[in-house]
Amino acid sequence: MTSNELRRIFLDYFHKRDHEIVAGSPLVPGNDPTLLFTNSGMVQFKDVFLGAEKRNYSRATTAQPCVRAGGKHNDLDNVGYTARHHTFFEMLGNFSFGDYFKQEAIRYCWELMTEVLGLPPAKLWVTVYEDDEEAERIWFDEIGIDRSRFTRCGEKDNFWAMGDTGPCGPCSEVYYDHGPEVEGGPPGSPDEEGDRYIELWNLVFMQFNRDASGAMEPLPRPSVDTGMGLERMAAVLQGVRSNYETDLFVHLIDAAADITKSTDREDKSLRVIADHIRSCAFLIADGVVPANEGRGYVLRRIIRRAIRHGHRLGTAEPFFWRMVSALEAEMGAAYPALVRRRAHIEQTLRSEEEQFSRTLDQGMRILEESIEGLEGGAIPGETVFRLYDTYGFPADLTADIARERSLEIDLQGFEREMEGQRARARAASRFKAREDESLDIATAFCGYERLEDESVVVALLRGGEKTQSLEEGEEGMVVLEKTPFYAESGGQVGDRGWIRSSKSTASTPASDSGFEFEVVDTCKQGEGAVHVGTLRKGRIALGDKALAGVDETARSATARNHSATHLLHAALHLVLGEHVQQKGSLVAPDRLRFDFSHPHPVSRDERHRIETLVSGWILENSQARTEIMPLDQARQSGAIALFGEKYDDPVRVLSIGDHSTELCGGTHVCRAGDIGMFKIVSEGGISAGVRRIVALTGEGALAWVQTMTDRLDRIADTIQAAPEAAVERLEALVARNRELERTLSQLQAQTASTRGDALAAQSVDIAGIKVLATRIDDTDIGSLRQIVDRLKERLGTAAVVVATAKGDKVSLVAGVTRNCTDRIKAGDLANHVASQVGGRGGGRADLAQAGGNDPSGLDQALRSVGEWVQERVG
Ligand code: SER
């Protein structure tokens, strides 16, 4: 029975018994901020159980997608290591809201399992809550189950609650017994964690509402919530022991093997990828986006874990997003959102993958080095933190890698580092005023005209709270009556500089006792501008006279980048088209960053045209003019305004020659020529349809060009060419290299056939089949394959296996000629040898390859091949 059929049969069964078929709810619970993800079928009915919500049905049935990752129920760490854990699974359930109770719930369950789905009662095991005599009586007297296959269990197993508070109740569970050949004991026994008895269906008799104090109030009406794991039931019905062998997964595993070019279908990384694509695609379809906190961070962790497993399989290109089409083929019919949102899901995964792959290699190197130098069994907390902080490795990803090497991570050490970072962030945020602290001060800005001005201290803040004064060494914020400092807005960063005691007034004390406040940033608080920084000298108090001076170098660099941003914007319109809209902008002293809507990458030629246009305008050296005018007039004059932005009226309009006119409150150069030089240094996509350009101006642009030409010089030196001729020389070298590789592989093929010919003589005849099992060291798997092909050709009717060992790694290739694959399969032969050298393998009937990590057993394994063939054909 396919899983799709099982889902259908379940829903139909309950529909025929007056249950409303209700669609599964989204994975992000709409009614419960305390819950990370929908983790069971009852989540969408929580308020119905509590009596706070009414529906026009009292019985329901659902197929509910669930995610158990990150939150209280977290199976992420187990995926890849067991046959039954998933980050995403489907729960089939039936619900009664004050309608039927224990008796019908038990009857339905048993009838569906044994009569409709045909499970033999002798394979089932039932549990009830320890004091639930009523349920026990129903199972014994009304259903008549075998009393020797029954246990009463305590609260841990048989009292179900969605979370710490909310609806809950005793439950009764039905397990499937996979038989004595699997390890594990029945529920309630000490070894119940094994894989022999698998819970299939949980019937919860919802009776109470638990409040925050732990007290339990009876629900208005006793109810029923049941949940059956679709994947586990499918495994039982399809006669396989692992969920990953069911139809739900085989095609996904095929796709993962195909995309990552893996031959070993048992590799756990394939299972991880097949599992993770399900949770990731469903979460993205339900609106979750990868982020650094909350639900988005759980998604990011799952995606990164999947990417790392692809990397483990040797995949260098983005691959994970390519799994989406296989998932759509598998589940799109039952979940149309996968089809509708496919492009979005692929795009989201792809950009996450591109982003992470930039640091993955580096992070892996750091980790490998740390593992190599490791004394003891745990990766130090600082390494785990560094990987997290610098390379974007979530701690559970590092833990997953550690687990593969039988290591642990020092989680406590990691937490200590995290706490240290949080403390640093808290200290930094003392710089920022508390959100609710209303300054209610409007600061006048005089920074368009001058960079230094006299003013008076009108407010001071320490740790976000107002204060009368600041003492030497203290961090805090200073608010002046008027200031030349530009407060961060419109993408332009805040000015830095100094506020010193003003010596120009009679009331100011002598210069020795004057103060110096270093401004590291300036931000807006309502209408006020706050100068953020540290009092380096003296004492500053309300009412003090002050001289505020902006760091001129930083300000002019910022102004160059701001004016260049306007010119870039205008050039983008001319080169790419009028559809280009600003989506984000950062103007800092050291660079400018501009995000804009455009459907494809900006080509090299387009980038050159943009640079040429902007440089032309810089050379023209037109004046930058500002005008204050009514908003309407500004719009009519064609000034660029940002969609959705709120503007004052009247507005400030900045134009540079007649090339660019924009509404803008920022600070700019006087003439375009002040920009000096303009250079785009990167272009890339940041989300669907949004591109980002980073560019430099003035001295920054020159420094960049110098670095790049230095690099070119070094390349030219290395390949012994003049820089002007480096490209041609490099192309010739690459072509030559390709040629050499071709010659090398031809030589390898020749060697392989010579070796094959020489080896052919060593084969022995077993019932008409030429059998050969041998070892050739110092060779690679590609050559082994060629040798095996050659041997098959030479021997005509043959079963051969050739192995090589290097260090503690064994690789082997088995081949069987097609005329005897009905008797011997190459996959079995490869497995026979591999299983004796600590590995396993598989492949086609005529050719298979395998690996292992215990070369000490190799010779004996090869010797055993003759006998093995004999048993099959003798
Ligand atoms: N809520 C119960 C569970 O998750 C039954 O659906 O097991």
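Numbering of residues begins at 1 and proceeds along the displayed sequence. Only this structure's heavy atoms are used, side chains among them; waters, hydrogens and symmetry mates stay out. In each ligand, atom 1 is the first atom listed, and ligand 1 is the first ligand listed.
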Exercise for review: Mark the output for R68 as yes if a heavy-atom distance to ligand 1 is under 4.0 Å, and as no if none is.
Suggested key: yes

Review point. In terms of atom number and element, which parts of ligand 1 are under 4.0 angstrom from non-hydrogen atoms of S40?
Key: 1 (N), 4 (O)

Review point. What do you reckon, does N39 have a nitrogen or oxygen under 3.5 Å from a nitrogen or oxygen of ligand 1?
Key: no

Review point. Are side-chain N/O atoms of H309 and S269 paired as donor and acceptor at under 3.5 Å?
Key: yes

Exercise for review: Flag G227 as yes when one of its N or O atoms lies below 3.5 Å from any N or O atom of ligand 1, and as no otherwise.
Suggested key: yes

Check your understanding: Quick one: does NZ or CZ of R322 land under 6.0 Å from the six-membered ring centre of F320, within 45 degrees of the ring axis?
Key -> no

Revision key, fill the gap. Near V204 (heavy-atom distance under 4.0 Å), the atoms of ligand 1 are 2 (C), 5 (C)

Check your understanding: Ring centroid separation for F205 and Y129, is it under 6.0 angstrom?
Key -> no

**Study point:** Lys/Arg cation over aromatic F88: R278, 6.0 Å, 45° cone
**Key:** no

Check your understanding: Looking at atom 7 (O) of ligand 1, what's its closest protein heavy atom, distance included?
Key -> N202 ND2, 3.0 Å

Point to revise | Contacting atoms of ligand 1, where contact means under 4.0 angstrom from a heavy atom of M42 | key: 1 (N)

Point to revise | Output field: ring centroids W201/F10 closer than 6.0 Å | key: yes

Practice item. Please work out which of the three classes, parallel, tilted or perpendicular, describes the rings of F97 and Y57, given edges at 30° and 60°. Key: tilted

Review point. Which protein heavy atom lies closest to atom 6 (O) of ligand 1, and at what distance to 0.1 Å?
Key: D225 OD1, 2.8 Å

Study note, to complete from the structure: Short version for T226: what comes under 4.0 Å of ligand 1, heavy atoms counted, is backbone

Study note, to complete from the structure: Rounded to the nearest 0.5 Å, the SG atom of C66 sits from the NE2 atom of H86 at a distance of 12.0 Å

